[in-house]
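Written out below as C-alpha coordinates is the structure these notes cover.
Letters A, B, ... are given to chains in the order of the sequence lines, protein chains preceding strands, and every chain is numbered from 1.
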2 protein chains.
Amino acid sequence: MQHKDIWRGLDQLAGQHGLSASGLAKRAGLDPTSFNPSKREGANGRPRWPTTESLARVLEAVGAGFYDFAALVEGRRGGSAPLIGFGQAQQDGFFDDAGFPVGAGWDDARFPGLGTETVYALQVSGDSMEPAYRAGDRIIVAPGAEVKLGDRVVAKTAQGEVMAKVLARKNTRIIELASLNPDYPSREFKPSEIAWIARILWASQ
Amino acid sequence: MQHKDIWRGLDQLAGQHGLSASGLAKRAGLDPTSFNPSKREGANGRPRWPTTESLARVLEAVGAGFYDFAALVEGRRGGSAPLIGFGQAQQDGFFDDAGFPVGAGWDDARFPGLGTETVYALQVSGDSMEPAYRAGDRIIVAPGAEVKLGDRVVAKTAQGEVMAKVLARKNTRIIELASLNPDYPSREFKPSEIAWIARILWASQ
DNA sequence: CCTTTACTAGGAATATTAACCTATCATCAA
DNA sequence: TTGATGATAGGTTAATATTCCTAGTAAAGG
(Lines give C-alpha, C1' and ligand atoms only; values in the text may rest on other atoms or scores of the structure.)
Protein backbone atom coordinates (compact mmCIF):
# COMPACT_ATOMS: atom_id res chain seq x y z
CA MET A 1 0.00 0.00 0.00
CA GLN A 2 1.36 3.38 -1.02
CA HIS A 3 0.29 6.75 0.24
CA LYS A 4 -1.03 7.64 -3.18
CA ASP A 5 -3.37 4.66 -2.93
CA ILE A 6 -4.96 6.20 0.12
CA TRP A 7 -5.34 9.56 -1.58
CA ARG A 8 -6.85 7.86 -4.60
CA GLY A 9 -9.24 6.04 -2.28
CA LEU A 10 -10.25 9.35 -0.71
CA ASP A 11 -10.82 10.90 -4.13
CA GLN A 12 -12.96 7.95 -5.15
CA LEU A 13 -14.91 8.05 -1.92
CA ALA A 14 -15.55 11.75 -2.50
CA GLY A 15 -16.64 11.04 -6.05
CA GLN A 16 -19.05 8.38 -4.91
CA HIS A 17 -20.80 11.00 -2.83
CA GLY A 18 -20.73 13.70 -5.48
CA LEU A 19 -18.08 15.65 -3.67
CA SER A 20 -14.64 17.00 -4.35
CA ALA A 21 -11.83 16.18 -1.96
CA SER A 22 -12.29 19.66 -0.61
CA GLY A 23 -15.99 19.12 -0.15
CA LEU A 24 -15.39 15.78 1.52
CA ALA A 25 -13.02 17.35 4.03
CA LYS A 26 -15.52 20.10 4.70
CA ARG A 27 -18.34 17.64 5.27
CA ALA A 28 -16.16 15.77 7.72
CA GLY A 29 -15.58 18.93 9.70
CA LEU A 30 -12.00 19.19 8.51
CA ASP A 31 -10.47 22.24 6.87
CA PRO A 32 -11.45 22.35 3.19
CA THR A 33 -7.80 22.66 2.22
CA SER A 34 -6.82 19.49 4.11
CA PHE A 35 -6.95 17.19 1.15
CA ASN A 36 -5.68 19.63 -1.48
CA PRO A 37 -3.77 17.81 -4.20
CA SER A 38 -0.92 20.24 -3.53
CA LYS A 39 -0.66 19.05 0.06
CA ARG A 40 -0.26 15.37 -0.64
CA GLU A 41 3.48 15.71 -0.92
CA GLY A 42 5.79 18.02 0.92
CA ALA A 43 8.02 20.55 -0.81
CA ASN A 44 10.83 17.98 -0.45
CA GLY A 45 8.74 15.37 -2.22
CA ARG A 46 8.06 13.46 0.96
CA PRO A 47 4.61 11.87 0.86
CA ARG A 48 2.03 13.11 3.29
CA TRP A 49 -0.15 10.47 4.86
CA PRO A 50 -3.64 11.38 6.04
CA THR A 51 -4.20 10.39 9.64
CA THR A 52 -6.48 7.55 10.63
CA GLU A 53 -8.37 10.12 12.69
CA SER A 54 -9.14 12.13 9.56
CA LEU A 55 -10.18 8.98 7.76
CA ALA A 56 -12.49 8.02 10.59
CA ARG A 57 -14.13 11.43 10.48
CA VAL A 58 -14.57 11.27 6.73
CA LEU A 59 -16.07 7.78 6.84
CA GLU A 60 -18.39 8.83 9.62
CA ALA A 61 -19.50 11.86 7.62
CA VAL A 62 -20.43 9.92 4.49
CA GLY A 63 -21.62 6.78 6.26
CA ALA A 64 -19.04 4.49 4.70
CA GLY A 65 -17.17 1.64 6.36
CA PHE A 66 -13.46 1.26 6.78
CA TYR A 67 -13.71 -2.06 4.97
CA ASP A 68 -15.38 -0.38 1.99
CA PHE A 69 -12.73 2.30 1.99
CA ALA A 70 -9.98 -0.31 2.06
CA ALA A 71 -11.52 -1.97 -0.97
CA LEU A 72 -11.26 1.36 -2.78
CA VAL A 73 -7.69 1.84 -1.64
CA GLU A 74 -6.61 -1.57 -2.82
CA GLY A 75 -8.74 -1.47 -5.90
CA ARG A 76 -10.05 -4.87 -5.12
CA ARG A 77 -12.99 -6.83 -3.99
CA GLY A 78 -13.02 -9.83 -1.74
CA GLY A 79 -12.05 -13.22 -2.85
CA SER A 80 -8.49 -12.85 -3.91
CA ALA A 81 -5.09 -13.88 -2.62
CA PRO A 82 -1.44 -13.72 -3.57
CA LEU A 83 -0.53 -16.41 -6.08
CA ILE A 84 2.62 -18.01 -7.45
CA GLY A 85 3.49 -21.32 -9.01
CA PHE A 86 5.05 -24.20 -7.14
CA GLY A 87 8.17 -23.76 -9.20
CA GLN A 88 8.64 -20.17 -8.14
CA ALA A 89 7.95 -21.14 -4.54
CA GLN A 90 11.27 -23.00 -4.54
CA GLN A 91 13.15 -19.75 -5.05
CA ASP A 92 14.30 -17.38 -2.36
CA GLY A 93 12.44 -14.21 -1.60
CA PHE A 94 8.83 -15.38 -1.70
CA PHE A 95 8.42 -16.38 1.94
CA ASP A 96 9.61 -14.99 5.21
CA ASP A 97 11.07 -17.25 7.88
CA ALA A 98 7.64 -18.12 9.20
CA GLY A 99 6.34 -19.10 5.78
CA PHE A 100 4.29 -15.99 5.08
CA PRO A 101 4.28 -14.55 1.59
CA VAL A 102 6.59 -11.56 1.11
CA GLY A 103 8.07 -9.64 -1.75
CA ALA A 104 6.80 -8.21 -4.98
CA GLY A 105 6.86 -11.39 -7.01
CA TRP A 106 3.38 -12.52 -6.11
CA ASP A 107 0.49 -12.12 -8.50
CA ASP A 108 -2.88 -11.21 -7.13
CA ALA A 109 -5.39 -13.81 -8.15
CA ARG A 110 -9.11 -13.64 -7.91
CA PHE A 111 -10.77 -16.79 -6.77
CA PRO A 112 -14.10 -17.85 -8.16
CA GLY A 113 -16.82 -18.24 -5.60
CA LEU A 114 -15.08 -16.29 -2.90
CA GLY A 115 -16.45 -12.89 -3.73
CA THR A 116 -20.09 -12.01 -3.71
CA GLU A 117 -21.61 -14.69 -5.92
CA THR A 118 -23.93 -17.29 -4.44
CA VAL A 119 -22.21 -20.43 -3.27
CA TYR A 120 -23.10 -23.19 -0.90
CA ALA A 121 -21.26 -26.04 0.70
CA LEU A 122 -21.93 -29.73 0.75
CA GLN A 123 -20.32 -31.94 3.32
CA VAL A 124 -19.16 -35.37 2.27
CA SER A 125 -19.95 -38.39 4.42
CA GLY A 126 -18.72 -41.90 3.89
CA ASP A 127 -16.00 -42.98 1.54
CA SER A 128 -17.96 -43.30 -1.69
CA MET A 129 -16.22 -40.30 -3.23
CA GLU A 130 -12.65 -41.19 -2.42
CA PRO A 131 -10.02 -40.56 -3.49
CA ALA A 132 -11.31 -37.19 -4.67
CA TYR A 133 -13.19 -36.35 -1.49
CA ARG A 134 -12.86 -37.89 1.94
CA ALA A 135 -15.49 -38.12 4.63
CA GLY A 136 -15.87 -34.77 6.30
CA ASP A 137 -14.58 -32.82 3.33
CA ARG A 138 -16.63 -29.85 2.30
CA ILE A 139 -17.03 -28.80 -1.29
CA ILE A 140 -18.01 -25.33 -2.37
CA VAL A 141 -20.54 -25.26 -5.18
CA ALA A 142 -21.52 -22.28 -7.32
CA PRO A 143 -24.95 -22.78 -8.87
CA GLY A 144 -24.61 -19.73 -11.08
CA ALA A 145 -21.18 -20.48 -12.48
CA GLU A 146 -20.57 -21.51 -16.04
CA VAL A 147 -19.99 -25.21 -16.42
CA LYS A 148 -17.62 -26.59 -19.03
CA LEU A 149 -16.72 -30.09 -20.11
CA GLY A 150 -14.25 -31.61 -17.69
CA ASP A 151 -15.51 -29.57 -14.77
CA ARG A 152 -16.28 -31.30 -11.51
CA VAL A 153 -19.96 -30.74 -10.84
CA VAL A 154 -22.80 -31.47 -8.56
CA ALA A 155 -25.82 -32.70 -10.50
CA LYS A 156 -29.35 -33.37 -9.41
CA THR A 157 -31.54 -35.76 -11.33
CA ALA A 158 -35.24 -35.31 -11.89
CA GLN A 159 -35.66 -38.22 -9.51
CA GLY A 160 -33.97 -36.20 -6.80
CA GLU A 161 -30.59 -37.86 -6.63
CA VAL A 162 -27.71 -35.47 -5.94
CA MET A 163 -24.23 -36.55 -6.92
CA ALA A 164 -20.73 -35.23 -7.53
CA LYS A 165 -19.38 -36.07 -10.97
CA VAL A 166 -17.29 -34.82 -13.88
CA LEU A 167 -19.17 -33.37 -16.84
CA ALA A 168 -17.88 -35.53 -19.67
CA ARG A 169 -20.33 -34.69 -22.41
CA LYS A 170 -23.32 -32.47 -22.85
CA ASN A 171 -25.41 -31.91 -25.92
CA THR A 172 -29.09 -31.78 -26.87
CA ARG A 173 -29.52 -35.50 -26.58
CA ILE A 174 -27.25 -36.68 -23.84
CA ILE A 175 -25.52 -35.63 -20.66
CA GLU A 176 -22.66 -37.90 -19.64
CA LEU A 177 -21.44 -37.66 -16.08
CA ALA A 178 -18.16 -39.42 -15.40
CA SER A 179 -17.34 -40.72 -11.98
CA LEU A 180 -14.75 -38.88 -9.90
CA ASN A 181 -13.09 -42.24 -9.42
CA PRO A 182 -12.02 -43.41 -12.89
CA ASP A 183 -12.51 -47.03 -11.82
CA TYR A 184 -16.25 -46.47 -11.92
CA PRO A 185 -18.28 -46.16 -15.11
CA SER A 186 -19.84 -43.01 -16.49
CA ARG A 187 -23.57 -42.49 -16.32
CA GLU A 188 -25.58 -41.12 -19.18
CA PHE A 189 -28.80 -39.16 -18.92
CA LYS A 190 -31.25 -37.47 -21.21
CA PRO A 191 -31.30 -33.73 -20.58
CA SER A 192 -34.82 -34.06 -19.26
CA GLU A 193 -33.58 -36.43 -16.57
CA ILE A 194 -31.26 -33.80 -15.09
CA ALA A 195 -32.79 -31.03 -13.02
CA TRP A 196 -29.62 -28.94 -12.74
CA ILE A 197 -25.87 -29.03 -12.85
CA ALA A 198 -23.66 -26.80 -10.72
CA ARG A 199 -19.92 -26.42 -10.80
CA ILE A 200 -17.78 -27.44 -7.86
CA LEU A 201 -15.25 -24.71 -7.16
CA TRP A 202 -13.32 -25.85 -4.10
CA ALA A 203 -12.73 -28.82 -1.89
CA SER A 204 -11.52 -28.53 1.65
CA GLN A 205 -8.30 -30.31 2.55
CA MET B 1 -14.89 3.30 13.37
CA GLN B 2 -13.31 4.17 16.69
CA HIS B 3 -9.65 4.48 17.45
CA LYS B 4 -9.84 1.45 19.74
CA ASP B 5 -11.04 -0.59 16.76
CA ILE B 6 -7.82 0.18 14.98
CA TRP B 7 -5.73 -0.77 17.97
CA ARG B 8 -7.69 -4.00 18.32
CA GLY B 9 -7.07 -4.67 14.64
CA LEU B 10 -3.36 -4.15 15.13
CA ASP B 11 -3.34 -6.49 18.11
CA GLN B 12 -5.15 -9.15 16.10
CA LEU B 13 -2.84 -8.71 13.15
CA ALA B 14 0.10 -9.15 15.48
CA GLY B 15 -1.46 -12.24 16.99
CA GLN B 16 -2.03 -13.76 13.57
CA HIS B 17 1.69 -13.58 12.99
CA GLY B 18 2.66 -14.81 16.42
CA LEU B 19 3.80 -11.41 17.51
CA SER B 20 3.08 -8.96 20.28
CA ALA B 21 2.20 -5.40 19.39
CA SER B 22 5.75 -4.53 20.39
CA GLY B 23 7.14 -7.24 18.15
CA LEU B 24 4.93 -6.12 15.28
CA ALA B 25 6.18 -2.56 15.55
CA LYS B 26 9.73 -3.79 15.67
CA ARG B 27 9.26 -5.95 12.60
CA ALA B 28 7.87 -2.95 10.78
CA GLY B 29 10.95 -0.94 11.59
CA LEU B 30 9.07 1.21 14.08
CA ASP B 31 10.12 1.78 17.65
CA PRO B 32 9.09 -1.23 19.76
CA THR B 33 7.30 1.08 22.19
CA SER B 34 5.17 2.64 19.45
CA PHE B 35 2.15 0.45 20.01
CA ASN B 36 2.41 0.12 23.80
CA PRO B 37 -1.02 -0.19 25.37
CA SER B 38 -0.05 2.74 27.61
CA LYS B 39 0.39 4.99 24.58
CA ARG B 40 -3.01 4.46 23.02
CA GLU B 41 -4.50 7.32 24.98
CA GLY B 42 -2.89 10.52 26.10
CA ALA B 43 -2.60 11.58 29.72
CA ASN B 44 -5.67 13.75 29.14
CA GLY B 45 -7.64 10.76 27.91
CA ARG B 46 -7.47 11.87 24.28
CA PRO B 47 -7.26 8.89 21.95
CA ARG B 48 -4.09 8.41 19.98
CA TRP B 49 -4.53 7.31 16.40
CA PRO B 50 -1.76 5.41 14.67
CA THR B 51 -0.75 7.03 11.42
CA THR B 52 -1.56 5.52 8.08
CA GLU B 53 2.16 5.55 7.41
CA SER B 54 2.77 3.28 10.40
CA LEU B 55 -0.06 1.01 9.26
CA ALA B 56 1.39 0.80 5.79
CA ARG B 57 4.75 -0.20 7.21
CA VAL B 58 3.23 -2.82 9.42
CA LEU B 59 1.18 -4.32 6.61
CA GLU B 60 4.22 -4.37 4.35
CA ALA B 61 6.23 -6.11 7.05
CA VAL B 62 3.77 -8.94 7.59
CA GLY B 63 2.57 -9.17 4.00
CA ALA B 64 -1.03 -8.34 4.79
CA GLY B 65 -3.39 -6.18 2.76
CA PHE B 66 -5.11 -3.02 3.85
CA TYR B 67 -8.39 -4.68 2.99
CA ASP B 68 -7.60 -7.61 5.26
CA PHE B 69 -6.68 -5.23 8.01
CA ALA B 70 -9.90 -3.27 7.56
CA ALA B 71 -11.86 -6.47 7.92
CA LEU B 72 -10.12 -7.08 11.23
CA VAL B 73 -10.83 -3.52 12.35
CA GLU B 74 -14.51 -3.82 11.57
CA GLY B 75 -14.80 -7.32 12.89
CA ARG B 76 -16.09 -8.40 9.51
CA ARG B 77 -16.34 -12.04 8.96
CA GLY B 78 -16.35 -13.02 5.32
CA GLY B 79 -15.94 -16.52 4.18
CA SER B 80 -19.13 -18.27 5.12
CA ALA B 81 -21.75 -20.11 3.13
CA PRO B 82 -24.84 -22.24 3.56
CA LEU B 83 -23.95 -25.85 4.35
CA ILE B 84 -25.72 -29.21 4.38
CA GLY B 85 -24.66 -32.78 4.04
CA PHE B 86 -24.85 -34.79 0.84
CA GLY B 87 -27.51 -36.97 2.41
CA GLN B 88 -29.78 -34.06 3.14
CA ALA B 89 -29.17 -32.72 -0.35
CA GLN B 90 -31.13 -35.70 -1.68
CA GLN B 91 -34.26 -34.46 0.04
CA ASP B 92 -36.76 -31.99 -1.34
CA GLY B 93 -36.80 -28.39 -0.24
CA PHE B 94 -33.10 -27.54 -0.25
CA PHE B 95 -32.72 -26.33 -3.83
CA ASP B 96 -34.87 -24.35 -6.18
CA ASP B 97 -35.38 -25.43 -9.77
CA ALA B 98 -32.16 -23.82 -10.89
CA GLY B 99 -30.10 -25.46 -8.16
CA PHE B 100 -29.75 -22.48 -5.83
CA PRO B 101 -29.98 -23.13 -2.11
CA VAL B 102 -33.39 -22.34 -0.56
CA GLY B 103 -35.20 -23.04 2.65
CA ALA B 104 -34.37 -22.90 6.29
CA GLY B 105 -32.62 -26.22 6.52
CA TRP B 106 -29.18 -24.91 5.65
CA ASP B 107 -26.58 -24.34 8.34
CA ASP B 108 -24.30 -21.37 8.07
CA ALA B 109 -20.73 -22.55 7.99
CA ARG B 110 -17.57 -20.56 8.35
CA PHE B 111 -14.80 -21.49 6.03
CA PRO B 112 -11.22 -21.35 7.20
CA GLY B 113 -8.98 -19.13 5.13
CA LEU B 114 -11.77 -17.38 3.32
CA GLY B 115 -12.24 -14.57 5.77
CA THR B 116 -9.55 -12.26 6.94
CA GLU B 117 -6.56 -14.39 7.80
CA THR B 118 -3.52 -14.34 5.59
CA VAL B 119 -3.63 -16.93 2.86
CA TYR B 120 -1.83 -17.39 -0.39
CA ALA B 121 -2.28 -19.63 -3.39
CA LEU B 122 0.12 -21.98 -5.07
CA GLN B 123 -0.56 -23.15 -8.57
CA VAL B 124 0.22 -26.75 -9.43
CA SER B 125 2.09 -27.55 -12.64
CA GLY B 126 2.76 -31.00 -14.00
CA ASP B 127 1.22 -34.26 -12.86
CA SER B 128 3.50 -35.07 -9.93
CA MET B 129 0.77 -34.39 -7.38
CA GLU B 130 -2.00 -36.41 -8.99
CA PRO B 131 -4.47 -37.71 -8.12
CA ALA B 132 -4.80 -35.18 -5.30
CA TYR B 133 -3.96 -32.13 -7.41
CA ARG B 134 -3.96 -31.80 -11.17
CA ALA B 135 -1.95 -29.41 -13.27
CA GLY B 136 -3.47 -25.96 -13.08
CA ASP B 137 -5.11 -26.59 -9.74
CA ARG B 138 -4.63 -23.91 -7.17
CA ILE B 139 -4.29 -24.67 -3.50
CA ILE B 140 -4.96 -22.15 -0.79
CA VAL B 141 -2.43 -22.20 2.02
CA ALA B 142 -2.74 -20.54 5.41
CA PRO B 143 0.69 -19.95 6.95
CA GLY B 144 -0.79 -18.91 10.26
CA ALA B 145 -3.19 -21.79 10.70
CA GLU B 146 -2.73 -24.53 13.22
CA VAL B 147 -1.41 -27.75 11.74
CA LYS B 148 -2.46 -31.14 13.05
CA LEU B 149 -1.44 -34.68 12.23
CA GLY B 150 -3.18 -35.85 9.07
CA ASP B 151 -3.45 -32.34 7.66
CA ARG B 152 -2.38 -31.69 4.11
CA VAL B 153 0.45 -29.21 4.27
CA VAL B 154 2.96 -27.28 2.29
CA ALA B 155 6.41 -27.66 3.77
CA LYS B 156 9.64 -25.91 2.97
CA THR B 157 12.93 -27.57 3.76
CA ALA B 158 16.00 -25.76 4.95
CA GLN B 159 17.43 -26.53 1.51
CA GLY B 160 14.63 -24.56 -0.05
CA GLU B 161 12.47 -27.34 -1.45
CA VAL B 162 8.75 -26.62 -1.26
CA MET B 163 6.38 -29.58 -1.35
CA ALA B 164 2.81 -30.58 -0.67
CA LYS B 165 2.49 -33.49 1.76
CA VAL B 166 0.48 -34.95 4.62
CA LEU B 167 1.80 -34.38 8.12
CA ALA B 168 2.11 -37.94 9.40
CA ARG B 169 4.19 -37.45 12.50
CA LYS B 170 5.81 -34.57 14.31
CA ASN B 171 7.80 -34.64 17.50
CA THR B 172 11.03 -33.20 18.82
CA ARG B 173 13.18 -35.59 16.83
CA ILE B 174 11.37 -36.24 13.61
CA ILE B 175 8.91 -34.79 11.16
CA GLU B 176 7.38 -37.35 8.85
CA LEU B 177 5.71 -36.08 5.70
CA ALA B 178 3.62 -38.63 3.86
CA SER B 179 3.05 -38.37 0.17
CA LEU B 180 -0.36 -37.27 -1.09
CA ASN B 181 -0.25 -40.32 -3.30
CA PRO B 182 -0.20 -43.36 -0.98
CA ASP B 183 1.81 -45.29 -3.58
CA TYR B 184 4.82 -43.15 -2.76
CA PRO B 185 6.89 -43.45 0.43
CA SER B 186 6.92 -41.01 3.30
CA ARG B 187 9.88 -38.74 3.87
CA GLU B 188 11.39 -38.14 7.25
CA PHE B 189 13.20 -35.01 8.37
CA LYS B 190 14.86 -33.67 11.45
CA PRO B 191 13.01 -30.59 12.70
CA SER B 192 16.07 -28.51 11.83
CA GLU B 193 15.73 -29.59 8.21
CA ILE B 194 12.27 -28.04 7.91
CA ALA B 195 11.99 -24.28 7.66
CA TRP B 196 8.22 -24.11 7.99
CA ILE B 197 5.03 -26.04 7.56
CA ALA B 198 1.75 -24.46 6.48
CA ARG B 199 -1.66 -26.01 6.27
CA ILE B 200 -3.44 -26.41 2.94
CA LEU B 201 -7.02 -25.31 3.33
CA TRP B 202 -8.55 -25.63 -0.12
CA ALA B 203 -7.94 -27.03 -3.56
CA SER B 204 -9.59 -25.70 -6.66
CA GLN B 205 -11.64 -28.16 -8.72
C1' DC C 1 -22.21 40.40 -16.42
C1' DC C 2 -21.79 40.37 -11.46
C1' DT C 3 -21.81 38.05 -7.08
C1' DT C 4 -21.23 34.19 -4.33
C1' DT C 5 -19.42 29.86 -3.43
C1' DA C 6 -16.26 26.20 -4.28
C1' DC C 7 -11.74 24.55 -5.36
C1' DT C 8 -6.97 24.92 -5.22
C1' DA C 9 -2.01 26.56 -4.07
C1' DG C 10 0.87 27.96 -0.54
C1' DG C 11 2.75 29.61 4.04
C1' DA C 12 2.84 29.97 9.19
C1' DA C 13 1.19 28.32 13.57
C1' DT C 14 -0.65 24.65 16.24
C1' DA C 15 -1.51 19.99 17.51
C1' DT C 16 -0.36 15.25 17.42
C1' DT C 17 2.33 11.06 16.65
C1' DA C 18 6.77 8.77 16.13
C1' DA C 19 11.36 8.40 17.61
C1' DC C 20 14.45 8.19 21.19
C1' DC C 21 15.47 7.15 25.74
C1' DT C 22 15.16 5.17 30.51
C1' DA C 23 13.49 1.89 33.68
C1' DT C 24 11.07 -2.23 35.35
C1' DC C 25 9.18 -6.69 34.97
C1' DA C 26 8.59 -11.06 32.45
C1' DT C 27 10.29 -14.69 29.71
C1' DC C 28 13.60 -17.67 27.75
C1' DA C 29 17.98 -19.96 27.08
C1' DA C 30 22.41 -21.45 28.73
C1' DT D 1 20.79 -19.17 38.80
C1' DT D 2 22.39 -15.78 35.56
C1' DG D 3 22.27 -13.14 31.53
C1' DA D 4 19.95 -11.69 27.43
C1' DT D 5 15.88 -10.45 25.20
C1' DG D 6 11.16 -9.03 24.93
C1' DA D 7 7.19 -6.43 26.61
C1' DT D 8 5.52 -2.62 28.88
C1' DA D 9 5.13 2.14 31.26
C1' DG D 10 6.46 6.71 30.95
C1' DG D 11 9.04 11.11 29.68
C1' DT D 12 11.33 14.28 26.24
C1' DT D 13 12.46 15.61 21.63
C1' DA D 14 11.87 15.54 16.72
C1' DA D 15 9.00 15.00 12.87
C1' DT D 16 4.71 15.37 10.61
C1' DA D 17 -0.23 16.40 9.78
C1' DT D 18 -3.94 19.67 10.63
C1' DT D 19 -5.58 24.14 11.29
C1' DC D 20 -5.73 28.77 10.13
C1' DC D 21 -5.11 32.14 6.85
C1' DT D 22 -4.42 34.46 2.30
C1' DA D 23 -5.03 34.66 -2.48
C1' DG D 24 -6.22 33.28 -7.18
C1' DT D 25 -9.11 30.71 -10.33
C1' DA D 26 -13.24 28.16 -11.50
C1' DA D 27 -17.98 27.29 -11.33
C1' DA D 28 -22.71 28.24 -10.32
C1' DG D 29 -26.62 31.19 -9.76
C1' DG D 30 -29.18 35.49 -10.28
Side-chain angles (χ1 to χ4, degrees), chain A residues 1-62 66 69 73 96-98 100, chain B residues 1-62 66 69 73 144 172-173 190-192:
Chain A
M1 180 173 75
Q2 307 292 325
H3 90 119
K4 61 188 50 152
D5 296 326
I6 299 197
W7 290 116
R8 191 190 65 241
L10 274 174
D11 285 335
Q12 289 179 343
L13 186 66
Q16 287 178 355
H17 294 85
L19 299 166
S20 60
S22 172
L24 182 65
K26 188 171 178 185
R27 177 177 285 190
L30 304 172
D31 191 82
T33 66
S34 295
F35 300 151
N36 283 5
S38 63
K39 287 182 179 295
R40 297 178 182 181
E41 288 190 348
N44 57 1
R46 188 193 184 284
R48 179 179 149 234
W49 299 78
T51 62
T52 49
E53 185 177 18
S54 297
L55 292 184
R57 289 192 180 185
V58 162
L59 296 174
E60 173 75 28
V62 298
F66 191 46
F69 177 67
V73 168
D96 69 15
D97 288 346
F100 284 74
Chain B
M1 180 171 75
Q2 308 292 323
H3 90 118
K4 60 189 52 166
D5 296 326
I6 299 198
W7 289 114
R8 192 190 65 242
L10 275 173
D11 287 334
Q12 289 180 342
L13 186 65
Q16 285 180 356
H17 294 86
L19 298 166
S20 61
S22 173
L24 182 65
K26 189 171 175 183
R27 178 178 284 195
L30 303 172
D31 191 81
T33 65
S34 293
F35 300 151
N36 282 4
S38 63
K39 286 182 179 295
R40 297 176 184 184
E41 289 191 345
N44 57 0
R46 188 191 185 285
R48 177 175 155 237
W49 300 78
T51 63
T52 49
E53 185 176 18
S54 297
L55 291 184
R57 289 190 182 185
V58 162
L59 296 173
E60 172 76 29
V62 299
F66 189 47
F69 177 68
V73 168
T172 54
R173 291 179 305 109
K190 293 177 188 167
S192 60

Could you check how far [atom1] of [X] sits from [atom2] of [N], rounded to whole Å?
| X | N | atom1 | atom2 | result |
| --- | --- | --- | --- | --- |
| B/Glu41 | D/dA9 | CD | P | 12 Å |
| B/Leu30 | C/dC20 | CG | P | 10 Å |
| B/Asn44 | D/dG11 | CG | C1' | 15 Å |
| A/Glu53 | C/dT14 | CD | P | 19 Å |
| B/Arg40 | D/dG10 | CZ | C1' | 15 Å |
| A/Phe35 | C/dA9 | CZ | C1' | 17 Å |
| A/Asn36 | D/dA23 | CG | P | 17 Å |
| B/Leu10 | D/dA7 | CG | P | 15 Å |

A/Arg27 side chain vs A/Val58 backbone, donor-acceptor pair below 3.5 Å: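 Judged by distance alone, no pair lies under 3.5 Å.
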Short side-chain to backbone donor-acceptor contact, B/Thr51 and B/Ser54, under 3.5 Å: yes
Where A/Gly29 and A/Arg57 come nearest, the two heavy atoms and their spacing: O-NH1, 4.3 Å
As a test of reading the structure: which of [options] is closest to the side chain of [X], going by heavy atoms?
| X | options | answer |
| --- | --- | --- |
| A/Arg46 | D/dT16, D/dG10, D/dT19 | D/dT16 |
| B/Ser22 | C/dA9, D/dA7, D/dT19 | D/dA7 |
| B/Ser38 | C/dA19, D/dC20, D/dA9 | D/dA9 |
| B/Ser20 | C/dC7, D/dT19, D/dA7 | D/dA7 |
| B/Asp31 | C/dT8, C/dA19, D/dT16 | C/dA19 |
| A/Pro37 | C/dT8, D/dA9, C/dA19 | C/dT8 |
| A/Thr51 | D/dG6, C/dT16, D/dA17 | D/dA17 |

Lys/Arg N to Asp/Glu carboxylate O, A/Arg8 vs A/Asp11, below 4.0 Å: no
Touch class at under 4.0 angstrom, heavy-atom based, for B/Arg57 against every strand present: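 Sugar-phosphate contact only - B/Arg57 comes under 4.0 Å of backbone atoms but never of a base.
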Sugar-phosphate, base or nothing in reach of B/Gly23, heavy atoms under 4.0 Å: sugar-phosphate
Presence of donor-acceptor pair under 3.5 Å, side chain of A/Thr33 and base of C/dC7: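 Answer no: no donor N or O sits under 3.5 Å from an acceptor.
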Neighbour count above 12 (heavy atom, 6.0 Å) for A/Glu60 CD: no
OP1 or OP2 of C/dA6 under 4.0 Å from side-chain N/O of A/Lys26: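 Yes.
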